[in-house]
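In what follows, a single structure is set out as structure tokens and then discussed.
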Amino acid sequence: MIAPEGQDDDLRWMDAALNLGERSLGLAAPNPSVGAILVKDGAVVGRGVTASGGRPHAERIAIAQAGEAARGATLYVTLEPCAHFGVTPPCADAIVEAGIARVVSAMEDPNPDVAGKGHARLRAAGIEVTVGPGSAQARRDHRGHIMRVTAGQPCVTLKLAETADGYASGGPHDARLRITGQIANLRVQIMRSTHEAIMIGVETALADDPALTVRLPGLDRKPWRVVLDTHLRLPAGSRLARGARHLPTLAICGRKAPKDASARLADCGVVVERVGLDPEGHVDLGQSLRALAERGVTRVFSEGGPKVAGRLINLSLADDVVLITAEKPLGRPGQPSLSEQARAALLDPQRYAPVDRVIYGPDVMRRFERAP
């Protein structure tokens, strides 16, 4: 691919690397999904994205693809190359050995094992290093990795669907609402595919009996299916429990949840994780997220219903909030999609900032980012 003229080369090539890195979102954990592109004489000579499971790293894949053409080339990479020995030797060493002349990275890796050491290793070898192009998008794409290595928990994307008059469902005895249309539903499936865990509350599991799978043709993704279930009420006959031998399924419960219920779910293949409770008697969300991080999860997609959504927002644990509003109102009393307190927090610019508004057929998607 030949570079078009008249554009800022570093920003343009970094944008291409970021787009490449997005392909492994939801697959690369516990490592970040990094994109790497090698450019020489205005043409791409190698490219790589972190492989499924986190190995090999993007830089090594790009270097292997380029072969001898890597010598004298510029490497565009969305995160600082690693400088420590893990499962494989450092990528910084591979870059030096390949004879790469210049490295442009979007951001420094906050992982204490790296944290500037990769860039320092490259500079010490005489390689020109530029840091910063594309950094804003890189921080969004690598947020799960950043939070896992700095705060010990994954990032959380909260998705909510509501009617035009603000309801997530009808009354207690109403049939399940189909709020959003096909275009928005497909977009939600794409969002699911970029996360390693899909999380709901047990009330949603009991009311809707969801499968929590990624349903996109030709795309084989098996994220953790996570239920926040303080007292282990998830039935063994639920779709989640019945599919647990083939799809990773986790029930997070309180420490005093019934042992017989735990054994029943374990017999189905459900993994049971016990955590402490919050002051209201629910499983502690912070502890739950840290338990997921310990299992290598960096990105969580929460579809947990109004109660879980409200807790995530009020506790500032939702990093991205995706609110999809349908064209039609419910037209009668129902279950609000958010409590007044949670909606006020979401609309408070000191806590959440609106960043996107997209039309999906009859539905409107608004995305909010948690303030730093």
Answer yes or no: is there an ion pair linking [X] with [Y], defined by an N-O contact shorter than 4.0 Å?
X: Glu80; Y: Arg121; value: no
X: Arg192; Y: Glu303; value: yes
X: Asp15; Y: Arg12; value: no
X: Arg102; Y: Asp10; value: yes
X: Glu280; Y: Lys307; value: no

Check the surroundings of atom [atom1] in [X]: do more than 12 heavy atoms from other residues, nucleotides or ligands lie under 6.0 Å from it?
X: Gln189; atom1: CD; answer: yes
X: Arg123; atom1: CZ; answer: yes
X: Arg178; atom1: CZ; answer: no

Mind checking whether [X] and [Y] have side chains closer than 4.5 Å, heavy atoms only?
X: Leu177; Y: Tyr167; result: no
X: Thr230; Y: Val202; result: no
X: Val34; Y: His57; result: no
X: Val270; Y: Leu240; result: no
X: Val322; Y: Thr157; result: yes
X: Arg343; Y: Leu323; result: yes
X: Pro32; Y: Thr298; result: no
X: Pro306; Y: Leu160; result: no

Next item on the list: Assess whether side-chain contact (heavy atoms from CB on, under 4.5 Å) is satisfied between Ser33 and Val49, documenting all intermediate values.
Entry: CA-CA 7 Å; Ser33 180; Val49 60; 4.1 Å; yes

With no hydrogens and no angle check, is any side-chain donor or acceptor of [X] less than 3.5 Å from a backbone partner on [Y]?
X: Lys40; Y: Gly46; answer: no
X: Lys222; Y: Val214; answer: no
X: Glu162; Y: Ser337; answer: no
X: Thr249; Y: Arg225; answer: no
X: Arg351; Y: Asn314; answer: yes
X: Asp209; Y: Arg239; answer: yes
X: Arg274; Y: Gly254; answer: yes
X: Thr78; Y: Ala106; answer: no
X: Arg370; Y: Leu317; answer: no
X: Arg242; Y: Gly237; answer: yes

Would you compute the distance between atom [atom1] of [X] and atom [atom2] of [Y] and round it to the nearest 0.5 angstrom?
X: Arg148; Y: Asn111; atom1: CZ; atom2: CG; result: 9.5 Å
X: Glu203; Y: Asp229; atom1: CD; atom2: CG; result: 9.5 Å
X: Ile146; Y: Arg143; atom1: CD1; atom2: CZ; result: 8.0 Å
X: Cys253; Y: Leu232; atom1: SG; atom2: CG; result: 4.0 Å
X: Leu285; Y: Met199; atom1: CG; atom2: CE; result: 6.0 Å
X: Glu59; Y: Leu75; atom1: CD; atom2: CG; result: 6.5 Å

Closest approach of [X] and [Y], non-hydrogen atoms and distance?
X: Leu338; Y: Ala309; value: CD2-CB, 4.0 Å
X: Arg47; Y: Gln65; value: N-OE1, 3.0 Å
X: Gln287; Y: Gly276; value: OE1-N, 2.8 Å
X: Ile37; Y: Ala17; value: CD1-N, 3.5 Å
X: Ala92; Y: Gly118; value: CB-O, 4.2 Å

Check for me, please, whether [X] and [Y] land in the same ILVMFWY cluster - side-chain distances under 4.5 Å, paths through other members count.
X: Val131; Y: Trp13; answer: no
X: Leu312; Y: Val275; answer: yes
X: Val226; Y: Leu158; answer: yes
X: Val103; Y: Leu38; answer: yes
X: Leu250; Y: Ile198; answer: no

Notebook entry, point to check: Can you check side-chain contact (heavy atoms from CB on, under 4.5 Å) on Tyr352 and Ile313, steps first, answer last?
Noted result: CA-CA 9 Å; Tyr352 285 91; Ile313 290 173; 4.0 Å; yes

Item checked: Contacts of type ring pair (Phe, Tyr, Trp, His ring centres under 6.0 Å), residue His145, not counting sequence neighbours ->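 Here no residue qualifies.
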
Show me, pair by pair, the donor-acceptor contacts under 3.5 angstrom made by side chains of residues 353-360, not counting sequence neighbours?
unit_1: Asp356; atom_1: OD2; unit_2: Arg367; atom_2: NE; d: 3.1
unit_1: Asp356; atom_1: OD2; unit_2: Arg367; atom_2: NH2; d: 3.0
unit_1: Tyr360; atom_1: OH; unit_2: Arg187; atom_2: NE; d: 3.1

Next item on the list: Step by step, work out the side-chain contact (heavy atoms from CB on, under 4.5 Å) result for Ile200 and Val308.
Entry: CA-CA 7 Å; Ile200 62 172; Val308 171; over 6 Å; no

Notebook entry, point to check: Are Val188 and Ile324 close enough, and set up right, to give a side-chain contact (heavy atoms from CB on, under 4.5 Å), and what steps lead you there?
Noted result: CA-CA 10 Å; Val188 168; Ile324 305 175; 3.8 Å; yes

